[in-house]
Number of protein chains: 2
Amino acid sequence: MSTDTTRTAILRAAERLYAERGFGDVTLRDIVAAAEVNLAAVNYHFGSKDELITELFVTRSIATNRERLNELKAVEAAGGGRAPVDDVLRALVGPTMRGCLGPDSQRSDAARFMIRASIEAIPAIRKIKTREIDHLRKFAAALRRSLPGTADVEIYWGLHFALAMAHQTVRDSERLLRLSDGACDLNDVDGAIARVVNVAALALTAPKPSAAAKAPARRER
Amino acid sequence: MSTDTTRTAILRAAERLYAERGFGDVTLRDIVAAAEVNLAAVNYHFGSKDELITELFVTRSIATNRERLNELKAVEAAGGGRAPVDDVLRALVGPTMRGCLGPDSQRSDAARFMIRASIEAIPAIRKIKTREIDHLRKFAAALRRSLPGTADVEIYWGLHFALAMAHQTVRDSERLLRLSDGACDLNDVDGAIARVVNVAALALTAPKPSAAAKAPARRER
DNA sequence: GTCTATATTGCGATAGAC
DNA sequence: GTCTATCGCAATATAGAC
């Protein structure tokens, strides 16, 4: 365990730098400088830059998914196997949003790293994304229990929109902040989560407009 | 005009490749190979890789904003200066979504390029983003006319969520497609736009939960 | 396990002939 | 304007001493 200090220092430094600046802009030299270890140590411990990124991603992905499922399990147990829609959605978007917007810096690095990973297309990561689909199916199933009678398509769109709003909120909070001149308070993490959950729940429960209204005559340009 | 063929070929090839693979993974050598021009031509016509990207971004940014504003102007004129919320939102998200999901490949390259540009942090682009804020203020103003009495903060969050959903839908349509086993039809562009517009409109018009409901007691982990 | 030193590759950019 | 050839640099990765 004592010789893991170098390895751990590399992982922590890499996660922080990748979260801040993305994969393309961070070199192994940047990482070893931040971790105060030798350049060769990275290849010794991880084999290559891509394998380092993959290890980070897999570790964090498992942790995030577990956190989400724990919350889901808790709210479903509290409701006798059927949780309110809001609680299911909060279990989905809460961990990431609290991680990115909250004060804990190491959680923040981890969450922001995951956002980067979901955006920048590292080949190894694309493969792992299949697991994310399976993970989301568990939330689809929970929503089916919460909303019996709702079409599956609506549930998928609801999950999609919930993740879209959560993701964008943590990824580009600056635009919202500047647009609103600071009036939209992103330090209020629970408030932001509640907004995302509320809108996603509306998407899932509000009556749908008729099909005719979905494709209005397109205006000329 | 005839000597612009090289320049134009570079721009088109660069836009397509950047749209497909992102800025970091596409080299000037990739671009000149696709455009079937000489390597030195890029630096002759544009000065540097960053200036090439900037030129593409500025051009497309202006075009997208003009398209959005034209649609906004049309729907506001049709309503005597006050357009329905749905129409304002459709003017905002329609151009990008039609561009990315629609069949026209050149429009698709352009729209997907813009998505890339909004994600990957090229310094020159970050500067231009200030203009995007000003652009969004026009839509905030239109929504204020559509929804008198709605708090500004709600309008900003509504715009934020509308863009988030539109953006994610075109950026990661694959996840939704796989999650739904193809049941969520993204070839129905107008249907997808209607869904985004509908949910964003709900976010803007539905009554808000009380403040107490926004910060429920956090469950232990 | 950790270091120094280096091999190797590929990048953006440029000089200079045509 | 377009080409060939090449510079200078920074990247990942590795070999081999300790």
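Letters A, B, ... are given to chains in the order of the sequence lines, protein chains preceding strands, and every chain is numbered from 1.
When the C1' atom of D:dT2 is taken as reference, atom CD1 of B:I10 falls 11 Å away, rounded to whole Å. Between the P atom of C:dG12 and the CG atom of B:L52 lies a distance of 11 Å, rounded to the nearest Å. Put simply, CZ on A:F46 is 11 Å from P on C:dT2, counting in whole angstrom units.
Salt bridge status for B:D87 with B:R90: present, with a side-chain N to carboxylate O gap under 4.0 Å. Contact check on A:R195 versus B:E154 returns a salt bridge, with a Lys/Arg side-chain nitrogen under 4.0 Å from an Asp/Glu carboxylate oxygen. Using a cutoff of 4.0 Å between basic side-chain nitrogens and carboxylate oxygens, B:D30 and B:R21 are scored as salt-bridged. Between A:E15 and A:R60, at least one side-chain N (NZ, or NE/NH1/NH2) sits under 4.0 Å from a carboxylate O, which counts as a salt bridge. Salt-bridge check for B:R178 with A:E132: failed, with every basic side-chain N at 4.0 Å or more from each acidic carboxylate O.
Less than 4.0 Å separates DNA chain C from no heavy atom of any residue of residues 14-27 of chain A.
Using cut-offs of 30° and 60° on the angle between ring planes, the pair A:W157 and A:F161 is tilted.
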Reading nucleotides 13-18 of chain C 5' to 3', which nucleotides get B (base under 4.0 Å from a protein heavy atom), which S (sugar-phosphate only), which -?
BB----

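Consecutive Watson-Crick or G-U pairs involving DNA chain C, each under 3.5 Å on both distances, make up stems of three or more pairs at C:1-18 with D:1-18.
By the side-chain hydrogen bond (donor to acceptor under 3.5 Å, both in side chains) test, B:R12 pairs with no residue at all, sequence neighbours left out. Contacts of B:Q106 classified as side-chain hydrogen bond (donor to acceptor under 3.5 Å, both in side chains), with partners at least two apart in sequence or in another chain: none.
Residue pairs satisfying the ring pair (Phe, Tyr, Trp, His ring centres under 6.0 Å) criterion with at least one member in residues 11-33 of chain B, sequence neighbours excluded, are listed as follows: B:Y18-B:F23, B:F23-B:F113.
Closest non-hydrogen pair, B:R116 versus B:A19, comes out as NE-O, 3.3 Å.
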